[in-house]
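A short worksheet on the structure shown next.
Each chain gets a letter, A, B and so on, in the order the sequences are listed, and its residues count up from 1. All heavy atoms count here, side chains included; hydrogens, waters and symmetry mates do not.
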Protein chains: 2
Amino acid sequence: MLSNSSKYALKAVLYLAVNSTENHKILVKTLSSRINVPKAYLSKILQELSKHNLVSSTKGPKGGFYLAEENREVRLVQIVNTIDGDNRLTSCLLSLNQCNADYPCPLHDLAGKAKSNFLKNLEETTVQDLVFDIASGKSFLPL
Amino acid sequence: MLSNSSKYALKAVLYLAVNSTENHKILVKTLSSRINVPKAYLSKILQELSKHNLVSSTKGPKGGFYLAEENREVRLVQIVNTIDGDNRLTSCLLSLNQCNADYPCPLHDLAGKAKSNFLKNLEETTVQDLVFDIASGKSFLPL
DNA sequence: CTATAAATATGACTTTGGTCATGTTTAATA
DNA sequence: TATTAAACATGACCAAAGTCATATTTATAG
């Protein structure tokens, strides 16, 4: 459903959303140990996210990664698509080219509703929304 | 969501369901060209399915693969689990160990409903059900 | 202006899923 | 009973995802 890389990306963004501000940046090293993702690999993922303006960073001493206000409006689907590409979630379950609502493959309906529901949620939900759930005790962070 | 191997397995079973009987067995070679899956790889998948009694086969001249009546009662989840293992579909979206309804990770609800819906469908649907959909024009076969 | 601390860029290594080729066993038929 | 046609079994190869190490760039602070 999601690649490992996407999961790591989501975990990282989530941690930054809760624990960082522009005045309190986080080192890759720290982030790595907090969310249990190998440092070097996490680096690569953060760079990709940074390049697409989904997270913020500054180099040099006192530098690090953080989420600016604009980053908090990012929708989860942007994160997933940036890392996994955008058709991982939309393609037919059997990977058939000609499979659509008018000419569905035998598994189309079976998966279709679940998938579109999931995708819709990813599209509608922002990072800030998740932070809100955590703050209000609806969900929990230990990553 | 599903591995390539699972997709191939589903396609193969579906083709056999529609086109084979105990008196009309299908060669791997034929199946391969009909569903566009490399012959050698398809072989391996069919062997795995056969070992678990999800498809039937006989060796030797006049041999081949087919679906016996019992095979038509197989549920899709059995096919997927046999090929992919059984936790690919059930594990947490972020692959967290401690994530459950009482202590959900921030993405739990977002994916949970979609995933459990999909899983439920795989558990409830038999091969025969899909054949029925095809026969009644609800879905289409070209694989 | 220099030293240093951090992200960034690049590329190599490893693991795993997917692909293929070869040989072995089984069963039908002549 | 010999031949042959098929599934079955095993293992090697390949490609992509995941993992890691090294070098470069940038910014801060003394």
For [X] and [N], give me the distance from atom [atom1] to atom [atom2], rounded to whole Å.
X	N	atom1	atom2	answer
B/Tyr41	D/dC8	OH	C1'	17 Å
B/Lys25	D/dA5	NZ	P	17 Å
B/Lys39	D/dC8	NZ	P	13 Å

Donor-acceptor check, side chain of [X] to backbone of [Y], threshold 3.5 angstrom: yes or no?
X	Y	value
A/Asp129	A/Thr126	yes
A/Ser32	A/Val28	no
A/Thr125	A/Asn121	yes
A/Asp84	A/Ser3	yes
B/Arg72	B/Val127	no

So where does chain A start and stop touching DNA chain C, 5' to 3', when the test is distance under 4.0 Å to a non-hydrogen atom? C/dT4 to C/dA12

When hydrophobic residues are tied together by side-chain contacts of less than 4.5 Å, even through go-betweens, does A/Tyr66 share a cluster with A/Val131? no

Hey, quick one: are B/Ile79 and B/Leu141 part of the same hydrophobic cluster, counting side-chain heavy atoms closer than 4.5 Å, chains of contacts allowed? yes

Donor-acceptor pairs are to be reported for all side-chain atoms of residues 103-119 of chain B against protein atoms at under 3.5 Å, with residues two or more places apart or in another chain.
from     : atom 1 : to       : atom 2 : distance (Å)
B/Lys115 : NZ     : B/Ser91  : O      : 2.5
B/Ser116 : OG     : B/Gly112 : O      : 3.1
B/Ser116 : OG     : B/Lys113 : O      : 3.2

Considering only residues two or more places apart or on different chains, which pairs with a residue in residues 10-24 of chain B satisfy side chain to side chain donor-acceptor pair (under 3.5 Å)? B/Tyr15-B/Arg34

Using a heavy-atom distance cut-off of less than 4.0 Å, which residues of residues 42-77 of chain B contact DNA chain D? B/Lys44, B/Gln47, B/Ser50, B/Ser57, B/Thr58, B/Lys59, B/Gly60, B/Pro61, B/Gly64, B/Phe65

With a 4.0 Å heavy-atom cut-off, tell me which residues in residues 26-34 of chain B come close to DNA chain D, sorted by residue number. B/Ile26, B/Leu27, B/Val28

Side-chain atoms of residues 39-57 of chain B: list all donor-acceptor pairs with protein atoms under 3.5 Å, sequence neighbours left out, distances to 0.1 Å.
from    : atom 1 : to      : atom 2 : distance (Å)
B/Tyr41 : OH     : B/Ser5  : OG     : 2.3
B/His52 : ND1    : B/Glu48 : O      : 3.0
B/Ser56 : OG     : B/Asn71 : ND2    : 2.6

